[in-house]
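Every heavy atom of this structure was used, including side-chain atoms; hydrogens, water molecules and symmetry mates were not.
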Amino acid sequence: MTKHLHLHKNTKFLSLFHTNKSAIFTKASSFTTSTATPWNTHLRNLSKHGQYNEALILYRQMLQSGATPNAFTFPFVLKSSASLSLPITGKQLHCHVIKLGCESEPFVQTALISMYCRCKLTEFAQKVFDEMPQRNLTVCYNALISGYVQNGNFLNGFLLFSEMRLRGVLFNAVTVLGLVPGCTASRYLWLGMSLHCLNVKCGLVNDLAIANCLLTMYVRCASMELARKLFDHIPEKGLITWNAMISGYAQNGLAGEVLELYHEMELLQVNPDAVTFVGVLSACANLGAQKIGFEVEEKIRSSCMRWNVFLKNALINMYARCGNLAKARIIFDEMPEKSLVSWTAIIGGYGIHGLGNIAVELFDKMIETGIQPDGTVFVSVLNACSHAGLTERGLNYLDLMKREYGLKPCSEHYSCVVDLLGRAGRLEEARKLIELMEDEPDGAVWGALLGACKIHKNVELAELAFNKVVELEPTNVGYYVLLSNIYTEANSSEGILRVRLMMRERKLKKDPGYSYFECKGKTYLFVAGDRSHPQTKEIYKLLNRLEDTESEYGGANRNGQEVINHEPPNIIGVHSERLAIAFALLNTEIGADILVIKNLRICNECHSFVKRISKIVDRLFVVRDATRFHHFRNGTCSCNDYW
DNA sequence: CTAGGGTTAG
């Protein structure tokens with residue numbers, strides 16, 4: 001509709017005033033006056049209510065009717081073209097401003113700067129700013145600073161802020177709110193902290209919006225301790241404060257803290273909203289806390305948030321990651337409009353639970369539906385392929401990603417494909433693929449190769465992968481343990497010694513592996529060899545009985561080979577998932593879901609143990625293996641719980 | 001009569 005405003009540069013503006021009224025816009029005749037004031041009032045109302053398109057149409061009608069816009073007119077229409085991100089209309093309006101001699105009005109100048117920034121034309125905004133006779137207006141600085149920041153140029157914003165202070169122009173809350181959100185990476189943390197100090201000094205932190213903004217800044221710099229410190233110092237927290245903290249914890253993987261804070265919120269009777277629930281559900285997904293997730297779903301269902309797409313996606317993700325694929329699928333199928341995120345969540349869910357065939361089927365269906373895939377959904381589908389051993393399929397997807405969609409695979413994709421090739425025993429191809437990577441491979445990529453070397457007992461390549469990986473992640477204990485296990489299998493005591501020495505030199509210690517069992521909303525945690533639980537005696541007794549029963553049942557693994565008990569004689573070596581299972585069997589009624597969650601890669605022996613036990617006792621176990629890819633970075637390998 | 005701002009999913 002605003003097409004008519006896209007005038008060519010050379011269009012004679014004044015001619016617009018005198019075109020004949022009756023031509024196109026007969027409706028405009030209902031409103032004929034040559035003074036701008038009534039039009040301005042009307043424009044203000046439209047702009048105030050977000051009816052920007054209508055405002056631009058009205059402006060056109062204003063010109064048609066022969067009224068002359070004035071300095072009061074332009075801020076409204078400039079804001080409209082800014083909000084709709086219409087750079088051509090914006091430039092056209094700038095021409096109008098000049099023709100009507102309004103270019104020296106501060107209100108108009110600020111609106112122009114803001115308009116150019118929101119149309120991503122910061123160089124034009126800067127030009128308007130530079131041409132101002134005296135640049136002493138806080139609002140102009142504010143507009144340009146937030147413009148630079150929102151276009152990803154935090155440093156320019158910061159430079160302007162410094163200039164402003166040098167010149168003695170006062171800054172205010174809006175300046176800070178425009179600048180601080182640009183501080184998004186830990187390399188800018190010190191700038192963010194100095195801004196924080198400055199705000200404390202001038203008392204601006206007492207403004208809740210500023211405090212929220214600084215809090216978010218710390219979250220984005222991944223500095224959760226500082227975020228929490230600030231949070232605790234805010235006397236009257238708003239819902240946004242709570243949400244910022246909760247989603248901050250969720251994004252930084254501190255799921256336990258999310259649930260803690262959510263609980264605190266409930267105690268203080270702060271009413272959560274959709275944003276809160278998205279964070280809480282993401283934490284539930286990470287912890288496998290399906291029960292709490294279910295309670296959240298009940299709350300959502302009985303509220304007006306029922307149709308919120310963000311929440312639907314979060315629910316799909318939560319159920320899928322907790323292993324309740326049936327429930328995730330129902331929610332997914334019921335969604336009238338599935339977004340890329342919905343597809344990613346359900347595909348990823350099937351993928352991590354080994355149902356790769358369903359995952360790839362869904363992916364192909366998504367493509368048929370005409371949804372444009374992005375890098376993340378390719379991570380999901382490649383991951384699904386590697387879990388399900390769909391080697392060729394996975395390689396095809398990598399190719400499709402590059403060729404058909406022009407997406408550049410990143411480390412995460414390569415670590416999936418290296419894993420895929422590695423599991424299939426194609427170690428040499430995996431190594432070559434890493435060499436061909438455009439970007440430097442990260443630890444996860446070499447780690448995937450190292451993992452593959454363990455499966456296929458390739459000591460030589462394992463050493464190469466290990467050397468690369470410890471260079472990138474020298475403190476990740478998991479890789480040392482992995483290499484040590486490779487040496488163990490190869491009977492290389494010299495190798496084992498070397499790794500242990502290295503770990504001692506670097507003062508690295510393996511954290512004990514742990515598992516949780518969730519029951520009636522409570523989580524029970526077990527570390528390897530745990531004897532601290534009051535039911536320890538019963539647990540170990542049951543465990544012994546189970547392992548006896550197991551041998552009665554033949555004790556054969558998937559390949560039909562006899563299972564050798566790898567447990568060391570020391571009781572400390574009892575892996576945590578076994579303890580969690582025994583505890584679960586002691587404390588739940590038949591029929592209840594049993595959930596065991598590992599923080600790390602479950603070892604093959606435990607994996608087959610869980611499978612066999614679940615058949616013997618006819619109960620459902622869901623084991624989550626959280627080590628793959630990006631999770632591996634902070635995780636450790638549990639294959640050697642008795643270390 | 002007029003300009004500048006904060007929290008959300010994989």
S.K.: Checking all strands, does A:Arg220 fall into the base, sugar-phosphate, or nothing category for heavy-atom contacts under 4.0 angstrom?
M.R.: sugar-phosphate

S.K.: Reckon A:Ala71 touches a base, only the sugar-phosphate, or nothing at all at heavy-atom distances under 4.0 Å?
M.R.: base

S.K.: What's the closest nucleotide to the side chain of A:Asp374 if the choices are B:dG5, B:dG10, B:dT7?
M.R.: B:dG10

S.K.: Please report the interatomic distance OG1(A:Thr110) to CZ(A:Phe129), rounded to the nearest 0.5 Å.
M.R.: 9.5 Å

S.K.: Categorize A:Ala314 for me: base, sugar-phosphate, or nothing, with a 4.0 angstrom heavy-atom threshold over every strand shown.
M.R.: nothing

S.K.: Check this one for me: any side-chain N or O of A:Gln251 less than 4.0 Å away from OP1 or OP2 of B:dA9?
M.R.: yes

S.K.: Under 5.5 Å centre to centre and under 30° between planes: does that hold for A:Phe310 and the six-membered base ring of B:dT8?
M.R.: yes

S.K.: Base, sugar-phosphate or nothing for A:Asp273? Non-hydrogen atoms, less than 4.0 Å.
M.R.: nothing

S.K.: I'd like to know if the side chain of A:Asn383 pairs up with that of A:His387 as donor and acceptor (distance under 3.5 Å, no hydrogens or angles considered).
M.R.: yes

S.K.: Can you measure A:Tyr116 atom OH to B:dA3 atom C1' for me and round it to whole angstrom units?
M.R.: 16 Å

S.K.: Does A:Tyr141 reach a base, just sugar-phosphate, or nothing at all? Heavy atoms under 4.0 Å.
M.R.: nothing

S.K.: Scan A:Thr73 against the nucleic acid and name what it touches under 4.0 Å (heavy atoms): base, sugar-phosphate only, or nothing.
M.R.: nothing

S.K.: If we ignore angles and hydrogens, is there a donor and acceptor under 3.5 Å between the side chains of A:Asn151 and A:Thr122?
M.R.: no

S.K.: Under a 4.0 Å heavy-atom cut-off, which of residues 327-343 of chain A touch DNA chain B?
M.R.: A:Leu340, A:Val341

S.K.: Measure from CG on A:Leu208 to C1' on B:dT7 and round the result to the nearest Å.
M.R.: 11 Å

S.K.: I want to verify a distance call: between B:dG6, B:dG4, B:dG10, whose nearest atom is closest to the A:Arg321 side chain?
M.R.: B:dG10

S.K.: Would you mind reading off the distance between A:Asn70 atom CG and B:dC1 atom P, rounded to a whole angstrom?
M.R.: 12 Å

S.K.: Is A:Glu264 salt-bridged to A:Lys237, going by a charged N under 4.0 Å from an acidic O?
M.R.: no

S.K.: Could you tell me the separation between the CZ atom of A:Phe231 and the P atom of B:dT7, rounded to a whole number of Å?
M.R.: 16 Å

S.K.: Rounded to the nearest angstrom, tell me the gap between atom CG in A:Asn212 and atom P in B:dG5.
M.R.: 17 Å

S.K.: Between the side chains of A:Ser342 and A:Ser339, is a donor N or O closer than 3.5 angstrom to an acceptor N or O?
M.R.: yes

S.K.: Using atom CG of A:Asn45 as one end and atom P of B:dT2 as the other, report the distance to the nearest whole Å.
M.R.: 11 Å

S.K.: How is A:Asn317 classified with respect to the nucleic acid when contacts are heavy atoms under 4.0 Å: base, sugar-phosphate, or nothing?
M.R.: sugar-phosphate

S.K.: Can you check whether A:Phe332 and A:Trp343 have ring centres sitting under 6.0 Å from each other?
M.R.: yes

S.K.: Which of these passes side-chain contact (heavy atoms from CB on, under 4.5 Å) with A:Leu281: A:Ile292, A:Leu315, A:Val258?
M.R.: A:Leu315

S.K.: To the side chain of A:Phe107, which of B:dG6, B:dG10, B:dT2 is closest?
M.R.: B:dT2

S.K.: Indicate, with a heavy-atom threshold strictly under 4.0 Å, whether A:Thr376 touches base, sugar-phosphate, or nothing.
M.R.: base

S.K.: Check every atom of B:dT7, B:dG6, B:dG4 against the side chain of A:Val139 and return the nucleotide holding the closest atom.
M.R.: B:dG4

S.K.: Could you tell me how far apart A:Met245 (CE) and B:dT8 (P) are, to the nearest whole angstrom?
M.R.: 13 Å

S.K.: Decide if the gap between the ring center of A:Phe294 and the ring center of A:Tyr319 is smaller than 6.0 angstrom.
M.R.: no

S.K.: Specify the residues of residues 108-115 of chain A, ordered by number, for which at least one heavy atom lies under 4.0 angstrom from an atom of DNA chain B.
M.R.: A:Thr110, A:Ser114

S.K.: Base, sugar-phosphate, or nothing: which does A:Asn308 touch, judged by heavy atoms less than 4.0 Å apart?
M.R.: nothing

S.K.: Rounded to the Å, how far apart are A:Leu195 CG and B:dG5 C1'?
M.R.: 15 Å

S.K.: For residues A:Tyr141 and A:Asn172, is any side-chain donor paired with an opposing acceptor at under 3.5 Å?
M.R.: no

S.K.: Has the side chain of A:Asn172 got a donor or acceptor that lies under 3.5 Å from a partner of the other kind on the base of B:dG4?
M.R.: yes

S.K.: Does the side chain of A:Phe124 reach to within under 4.5 Å of the side chain of A:Pro87, using non-hydrogen atoms?
M.R.: no

S.K.: Just checking, is any N or O donor in the side chain of A:Asp273 or A:Thr276 under 3.5 Å from an acceptor N or O on the other one?
M.R.: yes

